[in-house]
Enquirer: 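Have a look at the structure that comes next, please.
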Amino acid sequence: MGVSIFIQQVLNGLTLGAVYTLIALAFSLVMGILGILNLAISEIFMIGAFIGFSLIMSGVPVWLALPGAMAVAAVISMVIARIGYEPLRNASHITPMLSTLGFSMILQNFATNTWGSDPMQLTLEGWLDTRFHFGLVSLSVVQIVVFAVTLGLCVLTALLIQRTDIGRGLRAVAENRDVSRILGVRPRRMILVAFALSGLLAGAAGVLVGLHYSVITPYIGVDIGLKAIAVMIVGGATNIWGALLAGPIIGILEVLTVAYGGAAMRDFIVYGMMIAILLVRPQGLLGGSSKTSGGRV
Amino acid sequence: MLKSMMTAAILGVAAMTAVPVAVQAEDLTGKTVKFGAIVPASGPFAEWGRANTVALKMLEKQVNEAGGINGAKMEIVIYDDGAKPAQAVSMLRKLADDDQVLAVAGPATSSAVEVAFPVANQLGIVSVSQNSSKPGVAAANRPWGFRNTVDEAKLARLVVPFFAKTFDVKKAAIIYDAKDATASAAGAKIFPQILADNGIENLDADTPISFNTGDLDVSAQVTKLRSLQPDAVVLSADYSQAITVLREMKRQGMKTPVVGSTQLMSSAILAAYPELPIVAPTTFFAGLDVPAVKTFTDGVTPLMRAEKNLPGTIEPSLFDANIYEIVSLFAQAAKEAGVTAAPADLAADRTRIRDYMASESDFVGLGGKVRFAADGDAVKSFFIVQAKDGKWTSLETACSSPEADACAQ
Amino acid sequence: MANVLEFHDVDQSFGGIKALTDVSFDIPQACITGIIGPNGAGKTTIFNVITGAYRPDRGSVRLNGQEILGLAPYRIARAGISRTFQNIRLFASMTVWEHMLLSQAPRTPMLSRILPSRAVAERGERMMELFGISAVRDRIAVSLPYGVQRKVEMARAYAMEPKLLLLDEPVAGMNHDEAEDLRQTLQGLRDKGLSILIIEHDMRFMMNLCDEMHVMNYGRKIAGGRPAEIQRDPAVIAAYLGEDA
Amino acid sequence: MMSSYQAGLVADGSILLLGALSVYVILSTGQLSLGNAGFMAIGAYLSSWLTVSAGMPLTPAIVVSAAVSAVFGLIIGFPALRLKGLYLAMATLGFGEMVRTFFLNFEPTGGAGGFSGMEHVPLWYILGWTAFVLACVMICERTRWWLEIRAVNDDELAAGLVGMNTTVTKLMAFMTGAAIAAVAGALLAHQNLYIEPGNFGFDRSTEFVLAMILGGSSLAAGSIVGAALLIMLPELLRDFVDWRIAIFGALLVAVLLVRRQGILDRNVFGLAKFWRRAN
Amino acid sequence: MILSVHDLKVNYGAIPGIRKIDFDVNEGEIVALIGANGAGKSTTMRAITGLLPFQGRVVYRGRDLAPMHAERNLANGLALVPEGRGILTRMTVEENLRMGGYLRRDKAQLETEIVATYERFAILGERRSGIAGFLSGGEQQILAIARALLARPKLLLLDEPSLGLAPMMTAQIFDFISEFRKQGLTVLLAEQKSKHSLAIADRAFLFSMGEVVASGAARDLAEGSLIRNTMMALV
């Protein structure tokens with residue numbers, strides 16, 4: 001039984017890690033390209049969860065609710081980029097960070113007034129409510145959806161960043177604004193694209209969280225957002241695959257700490273790991289040096 | 001016994017809202033008697049605060065329509081503290097100094113209460129919490145701090161044996177919110193002790209299972225719970241966190257009955273895992289089949305549901321009942337203890353209200369007689385309820401005080 | 001004549017690319033020594049080696065006979081070497097006056113850095129007069145025109161009371177009159193005993209200014225001597241016009 | 001005569017001002033700390049333990065806590081030298097969360113249940129400390145030593161080449177900031193008479209940064225304005241009831257957009273003039 | 001005339017300013033700007049391209065250029081290979097080349113041109129999937145020029161193409177540049193070292209301290225001693 005419990009815990013960790021991965025990616029798209037910490041991402045994630053929830057509850061099928069919520073999240077993110085980030089582009093990196101904090105307050109207050117502070121619950125029906133049992137280990141359809149969507153979005157994001165003009169434009173702006181301009185890239189547009197992508201991912205994470213945990217409040221963004229920052233750092237703030245690796249690592253680490261070490265130590269270990277990575281390998285697990293990695297965002 | 005108590009309750013509420021009996025008090029016509037309330041109308045408990053506000057507005061109207069307090073108009077000044085301790089203190093000071101209220105209902109959360117009660121003592125003004133159930137808070141803040149709640153320790157002591165008997169529990173496992181002061185005090189200290197006292201094996205005594213407020217993912221904790229194969233789960237957490245645990249238990253197919261503290265009391269819990277027996281103690285729930293409660297519920301529910309910022313399906317909670325009782329009690333105290341509502345008598349009036357609260361009054365709340373023990377906590381009857389078919393059902397009635405007759409009329 | 005700095009047999013490479021190969025020269029006391037050469041010849045690398053920003057693969061750098069190679073940059077600065085930068089590096093938040101005060105601070109004890117000091121203030125005033133920037137004393141330095149920023153940077157470097165002053169392209173962006181003023185100022189400082197090492201592309205300016213010159217090309221020293229000799233050295237002309245390796 | 005409500009706001013504002021100053025001192029060297037609530041927690045818990053359990057008078061307890069916190073500042077500041085910008089900010093964020101988690105699990109100071117039993121301090125005592133710290137910082141601001149701190153912020157490499165030991169400067173700033181945050185924590189504990197780990201979360205750290213940036217990060221006087229604003233604004237916005245936090249957030253963004261350098265800067269006070277002559 | 005510059009003045013932050021620059025470039029010409037470091041060549045180039053704010057008039061193909069519109073200028077056929085090459089060092093060689101055609105709509109045609117580029121510059125073909133930051137200086141310079149050509153410019157601005165290159169490599173680069181003329185491309189070249197530039201240019205302008213101090217046919221300047229005398233201060 002010990003083994004199956006262990007496997008179950010690893011599955012639990014992977015699910016949590018998938019969510020971390022998406023939010024960490026959302027953070028790193030903005031961080032890697034613009035060098036700012038967009039603290040509103042936590043709340044965009046939360047809004048995404050509520051939009052997805054509301055859509056599903058009003059009978060919209062999941063495959064439609066997901067892109068719907070992602071789109072709303074992307075629009076919010078773009079508004080933040082235009083109002084809260086762009087005018088402050090030349091200020092020190094703290095000022096835009098605090099302006100995104102202002103947007104967090106607005107979004108959180110908006111959610112409280114729109115959906116209430118009490119937990120909102122979703123009851124899944126039909127195929128979404130199915131579980132598969134393998135001995136003592138069980139896996140739900142929603143968990144599989146979470147894995148699939150996360151992996152799919154990571155691959156899509158990676159393809160977009162690596163293989164398309166938009167992606168190359170983003171990376172060019174990230175590396176050298178002036179050079180990108182003489183190649184015809186419009187930095188303002190790329191900033192908007194980066195924020196939009198980041199919003200899409202955070203929104204998707206929100207919907208998945210809503211689906212899987214089926215309980216949300218306007219305050220779910222705060223803690224998970226901080227953890228996602230840790231995941232971003234551990235994986236390497238400028239590397240997509242870093243988040244894909246670090247998300248599950250932190251997720252599993254957390255879950256195993258809870259399972260075998262006592263829940264109390266959990267945050268201590270996660271943030272301790274983040275600090276250790278920062279000190280030993282500031283570029284993150286997969287960051288590589290600035291020249292060796294072609295996979296930079 | 002239950003029936004007679006209920007009858008008394010109706011009479012009591014009727015007496016306090018409908019028939020003003022001025023015993024020794026002067027006529028206060030033309031004056032205003034002000035009370036204050038501190039509610040968490042923004043932040044993570046915004047719904048509590050907003051619902052509290054509706055209940056208080058209703059009470060204000062009822063009292064004034066029934067002739068006010070010895071002829072004086074009753075006014076309730078309500079402030080939001082966002083469930084933040086610093087703001088709660090600010091608001092308490094503002095109520096005491098700027099608004100010159102006679103007594104304050106609130107603040108709600110234990111964290112805010114811990115900080116506000118010492119200030120109440122400093123300022124010499126009664127402060128009565130509608131939510132806080134963290135063990136020992138009022139006791140540490142005599143003589144001005146009161147709570148119209150029952151200490152979780154006292155409740156647990158009576159609930160656990162009943163629960164164990166009902167569900168034939170031999171071994172149990174505890175899961176608690178380690179970040180929530182109340183839940184962690186109960187989960188880490190009180191419940192283990194009570195389990196031991198009742199001869200129930202505590203399966204996670206060595207490595208307690210806990211999580212943190214705000215955690216979305218408690219899958220690891222629940223998997224661990226499941227692996228311990230308990231007869232029952234003791235869930236010590238605020239309802240909004242408890243839902244996360246219950247949902248995870250549902251997801252993992254855990255079918256063991258759950259017992260918890262007053263913190264579980266919310267209609268939201270009912271939807272989380274309807275198939276599971278969930279047992280908790282409470283002094284009030286919306287479906288309680290008692291006339292006084294029905295009157296209150298019927299009156300306040302439509303008002304709450306009409307509020308733009310509250311969900312259309314909301315029902316009055318334990319805390320709405322508590323704060324309604326608190327200010328009702330203030331009103332009764334003002335009447336009977338003969339406050340003058342004159343600015344010069346402010347300190348004396350405040351002392352009168354405090355003394356009235358500390359004394360053996362004949363105040364009857366929604367669920368029965370309410371008194372305050374020497375430790376500042378309420379002595380009142382409570383119900384052991386179980387979530388069943390989407391509503392709370394009372395299993396048993398008890399009194400929070402071990403003394404015989406403490407809750408009798 | 002004693003040498004204030006001896007720069008001997010220095011090799012410096014970055015990831016396999018040799019930036020300096022076996023470069024040696026001496027800087028005599030109270031002399032203005034120039035380094036010239038086309039862009040990318042290794043001139044600024046020499047500055048970075050002297051000030052401790054780079055650690056060369058080989059060689060030795062002595063200040064008044066003391067080895068300074070391997071010391072932390074701030075120690076080398078305190079030992080008496082101060083510099084200016086090709087792309088000016090002034091402190092963005094500070095006025096000209098604050099630059100004058102700051103640059104005198106590090107070599108004094110903690111207490112005197114907290115208390116106002118008359119000597120420091122007077123020296124600050126003198127520096128500003130010397131480089132003709134007294135009129136802009138309360139302006140934020142980086143908001144000034146390019147040529148004035150150069151002067152502020154030089155005044156800052158000189159206020160540190162250096163034994164050796166390193167100037168990296170000080171006349172870039174100055175007009176002829178400003179450059180001429182600067183030449184006289186620098187020669188005045190030399191006459192008071194200051195040793196100066198200067199990198200500059202403007203040959204006319206250098207010819208009139210320097211006592212001695214060294215020419216770099218592709219990381220090697222290709223010539224050294226008096227300006228008039230350098231000016232006619234075929235190897236130097238070739239390097240400058242790009243005629244030959 | 002101040003009502004106790006106003007007095008309470010002044011006390012809260014003073015403590016926030018100290019917190020803002022603790023960030024200000026560190027930020028003046030170009031290092032952003034998002035973990036000062038951690039130092040604050042150390043100050044609050046240690047001073048409370050000293051006064052309640054060890055029976056030490058408050059003032060020495062505060063001094064001891066500040067000193068211990070400064071040592072933690074050194075411990076954090078040293079490895080932090082390797083990190084720059086947001087990476088440093090995130091390391092300090094991690095530190096703050098670790099301290100909070102530590103106290104959440106540390107039973108001798110009550111764990112999640114919090115710690116109480118402190119004696120109440122009068123307002124003048126809080127104001128006294130705040131004035132003392134503020135005066136120290138503002139006097140230092142006018143010395144050449146502060147120019148060194150600013151130089152490290154403006155251009156660390158150039159500062160080194162002007163002869164400054166930037167390592168020492170940055171560490172001292174970290175230690176000073178940690179000590180100030182600890183004083184703020186100690187005062188908070190003895191003002192509220194009850195502390196719990198939740199008081200020292202990420203939101204507290206960002207509140208400090210916010211007060212300082214809003215008021216103006218180029219001078220200590222800015223923090224006064226920022227702290228006053230952060231304390232007053234939510235009170236002034238009470239009429240907006242349910243939307244007050246959103247309006248607060250919007251105002252915050254608006255202020256940052258209009259004055260990215262903060263409400264005060266050196267020009268406003270003519271501080272750019274510095275001291276002209278020694279005599 | 002493809003480009004004419006009147007009274008150009010740049011005074012911006014901590015860069016060497018320029019005071020008054022006048023020159024022009026005719027269609028199909030190679031024009032060299034010669035001068036020491038800090039004489040204002042780079043500033044002029046960057047201002048024309050749209051990377052710096054400027055005062056004065058820059059007329060390109062009959063239209064006045066507004067400052068700071070690099071993206072629009074590129075779309076109109078004005079491409080810059082900046083000083084230091086401006087390689088995107090974290091991207092592969094192929095990605096850098098693709099960036100050259102960022103604004104082009106005919107992506108299929110672009111692909112064939114990239115293949116053609118590999119044939120023309122064999123070294124780029126060999127290293128196509130290598131990280132551009134690992135190329136040698138000369139290889140990077142070739143990459144930068146090849147990348148700029150993929151934008152199909154009408155006027156190519158080359159800022160110090162020989163910077164940091166060994167003599168062999170410099171010669172090779174200049175050979176490439178001289179070939180452009182045959183394709184009808186107009187080139188404006190800034191160089192410190194006059195010999196190679198004058199060998200391939202039609203006309204040249206001599207810069208000193210932010211001003212144009214001499215100009216003329218490249219051959220005359222190369223044969224005369226004016227440049228040598230100016231640069232070595234032998235007047």
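Every chain is numbered from 1, with letters handed out A, B, ... down the list of sequences.
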Enquirer: Which atoms form the tightest heavy-atom contact between Ala86(B) and Asp12(D), and what is the distance?
Expert: O-OD2, 4.1 Å

Enquirer: How many angstroms lie between atom CZ of Phe240(D) and atom OG of Ser42(B), to the nearest 0.5 angstrom?
Expert: 14.5 Å

Enquirer: At a heavy-atom separation under 4.5 Å, does Asn192(D) approach chain B through its side chain, its backbone, both, or neither?
Expert: both

Enquirer: For Lys84(B), which atoms come within 4.5 Å of any heavy atom of chain D: side chain, backbone, both, or neither?
Expert: neither

Enquirer: Side chains of Val119(B) and His120(D): does their closest heavy-atom pair fall under 4.5 Å?
Expert: no

Enquirer: Can you establish whether the number of heavy atoms outside Phe72(D) located under 6.0 Å from its atom CZ is more than 12?
Expert: no

Enquirer: Give a yes or no on whether Glu107(D) atom CD has more than 12 heavy-atom contacts from other residues, nucleotides or ligands under 6.0 Å away.
Expert: yes

Enquirer: Taking all heavy atoms of Ala112(D) and all of Ala178(B), pick out the closest pair and write down the distance.
Expert: CB-O, 2.8 Å

Enquirer: Is it true that, when you exclude Lys57(B) itself, more than 12 heavy atoms of the residues, nucleotides or ligands shown sit nearer than 6.0 Å to its NZ?
Expert: no

Enquirer: Taking all heavy atoms of Ser4(D) and all of Arg93(B), pick out the closest pair and write down the distance.
Expert: O-CD, 2.8 Å

Enquirer: Work out which heavy atom in Glu196(D) is nearest to a heavy atom in Ala181(B); give both atom names and the distance.
Expert: OE1-CB, 4.0 Å

Enquirer: Heavy-atom pairs under 4.5 Å with chain D are the metric here; pick the option from Ser111(B), Ala185(B), Ser210(B) that has the most.
Expert: Ser111(B)

Enquirer: Tell me, side chain or backbone of Ser90(B) under 4.5 Å from chain D's heavy atoms, or both, or neither?
Expert: both

Enquirer: How many angstroms lie between CG in Asn121(B) and CG in Leu193(D), if you round to the nearest 0.5 Å?
Expert: 10.0 Å

Enquirer: Is it the backbone or the side chain of Ser184(B) that comes under 4.5 Å from a heavy atom of chain D, or both, or neither?
Expert: side chain

Enquirer: Salt bridge check, Lys308(B) against Asp242(D): does any charged N sit closer than 4.0 Å to a carboxylate O?
Expert: no

Enquirer: Non-hydrogen atoms of chain D under 4.5 Å away: do they reach the side chain of Leu95(B), the backbone, both or neither?
Expert: neither

Enquirer: Give me the atom names and distance for the closest heavy-atom approach of Asp98(B) to Ser3(D).
Expert: OD1-OG, 3.1 Å

Enquirer: Strictly distance-based, threshold 3.5 Å: is any side-chain N or O of Lys179(B) a donor or acceptor partner for the main-chain N or O of Leu104(D)?
Expert: no

Enquirer: What are the two closest heavy atoms between Asp97(B) and Tyr5(D), and how far apart are they?
Expert: OD2-N, 3.4 Å

Enquirer: Measure the spacing between CZ of Arg238(D) and CD of Gln87(B) and express it to the nearest 0.5 Å.
Expert: 5.5 Å

Enquirer: Can you tell which part of Lys94(B) gets under 4.5 Å to a heavy atom of chain D, answering side chain, backbone, both or neither?
Expert: both

Enquirer: Please flag which part of Asn212(B) lies under 4.5 Å from any non-hydrogen atom of chain D: side chain, backbone, both or neither.
Expert: side chain

